[in-house]
Number of protein chains: 2
Amino acid sequence: MKNEKNKLTTPKQTFRNLAAEKRLRIEKALVEEFAREGYRRASLNNVVKRLGIAKGSLYQYFDNKEATFLFVFERFTRLVKGMVGKPTAVDCRPDNFWLTVRRVWAAGILFIDKYPAYYQLYLNVLFEQDIPRREEIISRVRLFSMEFFGPLAAAALESGGLRPEVPVAVVVFMIDAAMDRFLQSYARSYLDDGLELAAADRAMVEDKMDTIIEALKNGIGTDGKNTKMGA
Amino acid sequence: MKNEKNKLTTPKQTFRNLAAEKRLRIEKALVEEFAREGYRRASLNNVVKRLGIAKGSLYQYFDNKEATFLFVFERFTRLVKGMVGKPTAVDCRPDNFWLTVRRVWAAGILFIDKYPAYYQLYLNVLFEQDIPRREEIISRVRLFSMEFFGPLAAAALESGGLRPEVPVAVVVFMIDAAMDRFLQSYARSYLDDGLELAAADRAMVEDKMDTIIEALKNGIGTDGKNTKMGA
DNA sequence: GGTATATATGACTACCTGGTCACACGATGA
DNA sequence: TCATCGTGTGACCAGGTAGTCATATATACC
């Protein structure tokens, strides 16, 4: 996990020679365009127009449209790993599994607040077809969550923190499903079914999150009370 | 709920005069195109080319691209309500809440098997921007599920089938989140995190579904055993 | 100054899109 | 035979796209 050399793409030298300020301005314009329009519909004409630079310049920075996209997506994965990796690296011993879940979840909310365009970009990637190197791209994020929660859940199961009759894959599935849907509802109000996250303030959002985590933990039904105690 | 007159759109008379066989051929070509490409990128040029008819003909059947899309989406909602409405209308008394959940869920799986292109179309609608009359369209399906499960869950809560400290909105949220993610994983293997639904046969898929429903009911944790009994 | 190199430019191409429209076709009825 | 009418046609239009390239400009070194 140390070799960061397996990049998706590298901008041209010309781009790397640019002043940091200009580089950031270009990156921002690109991510905004891809976030708003998705990959296919995004227009580099539009990007250069808003940036006030010539079309040819952009092609001196990147080989083609695909390269611009892979560049901003690479930045996205870095931002994600920076925000999710940190709060969980502190203490992720198996006995506080749910604390970790809560922290990752909260980090997701924070990420959306801080980088809404990047999250939008990610959603577009998830559900648009013909994205360049799609499988590779998605697996970089999805499998990150899977590889992250998987071992954690396995350890929690081992130490009796999870019901033994529920397979680890199902545990990860349910947490991921609830978290993803929650964050999607948070970021895109029209996907909200009744939680009304868009209208809620920070404290209310975290409160709803906690309610859901509790419901994941304890279940929402009453008629299946055969909770076997593990270890 | 009886007046079916509030249609999204109506094709032109010319289309309605067509032989049923040709109508179906056109509908099939349209839904396939929208499923594969989403709304914006879908090409009517492509559709007429594959159908072997002239561009002008299509515009004698529909006013514009938007009308073709709304037409196929309308068919989708009808198909959905036909498949989900039926198995649940049989007996949806509050005491078999989980049975209803299971039936709707299974109907979803069946729908994907039977009309994969229509489901794909739906996913595209969910996550693409600038879809014509988007909010109206999404609410027709999303709220269908919400308005359907909401009262059902409220009744189940009333009769003691659900834990009283979990709000109805959270119950609906969790079931919807798990079900949606499950169906998405089933339909699009690249969204599958570890359930491996694409490689599973019918019995295995239903088995995994049941495991998840059980986990929703009873929870996946062991440390929160304060299950109050309601009524 | 001069020269070489790196960067900026925008008109241009080739191609695609949704939509239009003048016309062709064929059947029906007088 | 002529006229009408519903239907089928595809060249055409305006406008969009990704990508190119000869040219202009700025910078750096001598």
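Lettering of chains follows the sequences in order, A, B, ..., and the numbering in each one begins at 1.
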* **Geometric cation-pi criterion B:Lys65 and B:Tyr39, 6.0 Å radius, 45° cone** => yes
* Asked: Would you say B:Lys28 has more than 12 foreign heavy atoms packed within less than 6.0 Å of its NZ?
  -> no
* **Qualifying residues under side chain to side chain donor-acceptor pair (under 3.5 Å), relative to B:Glu136, sequence neighbours excluded** => B:Arg133
* Structure fact -> Sequence neighbours excluded, the answer for salt bridge (Lys or Arg N to Asp or Glu O under 4.0 Å) partners of B:Lys81 is none
* To do: For A:Asn45, enumerate each residue passing the side chain to side chain donor-acceptor pair (under 3.5 Å) test, keeping only those at least two apart in sequence or located in another chain.
  => A:Lys55
* To do: Please test B:Met83 against B:Leu79 for side-chain contact (heavy atoms from CB on, under 4.5 Å), starting from the C-alpha separation and ending with a verdict.
  => CA-CA 6 Å; B:Met83 279 195 88; B:Leu79 292 173; 6.0 Å; no
* Applying side chain to side chain donor-acceptor pair (under 3.5 Å), name anything that partners B:Glu32, two or more places apart in sequence or on another chain. => none
* Asked: B:Asp176: what forms a salt bridge (Lys or Arg N to Asp or Glu O under 4.0 Å) with it, not counting sequence neighbours?
  -> A:Arg181
* Listed partners of A:Asp207 passing salt bridge (Lys or Arg N to Asp or Glu O under 4.0 Å), at least two apart -> none
* Can you pull the contact range of chain A along DNA chain D, 5' to 3', using atoms under 4.0 angstrom from its heavy atoms? -> D:dT17 to D:dC21
* Partner residues of B:Phe62 under the ring-ring contact (aromatic ring centres under 6.0 Å, His included) criterion, sequence neighbours left out -> B:Phe15, B:Phe71
* To do: Provide the start and end nucleotides, 5' to 3', of the part of DNA chain C that has atoms under 4.0 Å from heavy atoms of chain A.
  => C:dT7 to C:dG10
* Does any residue of residues 36-70 of chain A have a heavy atom under 4.0 Å from DNA chain C, and if so, which ones, in number order? -> A:Ile53, A:Ala54, A:Lys55, A:Gly56, A:Ser57, A:Gln60, A:Tyr61
* **Close residues, residues 8-33 of chain B, relative to DNA chain D [heavy-atom separation under 4.0 Å]** => B:Thr14, B:Asn17, B:Lys22
* To do: Would you mind telling me which of A:Arg75, A:Lys22, A:Arg78 makes a salt bridge (charged side-chain N to carboxylate O under 4.0 Å, His left out) with A:Glu27?
  => A:Arg75
* Under the ring-ring contact (aromatic ring centres under 6.0 Å, His included) rule, collect the residues that match up with A:Phe111, sequence neighbours excluded. => A:Phe76, A:Tyr115
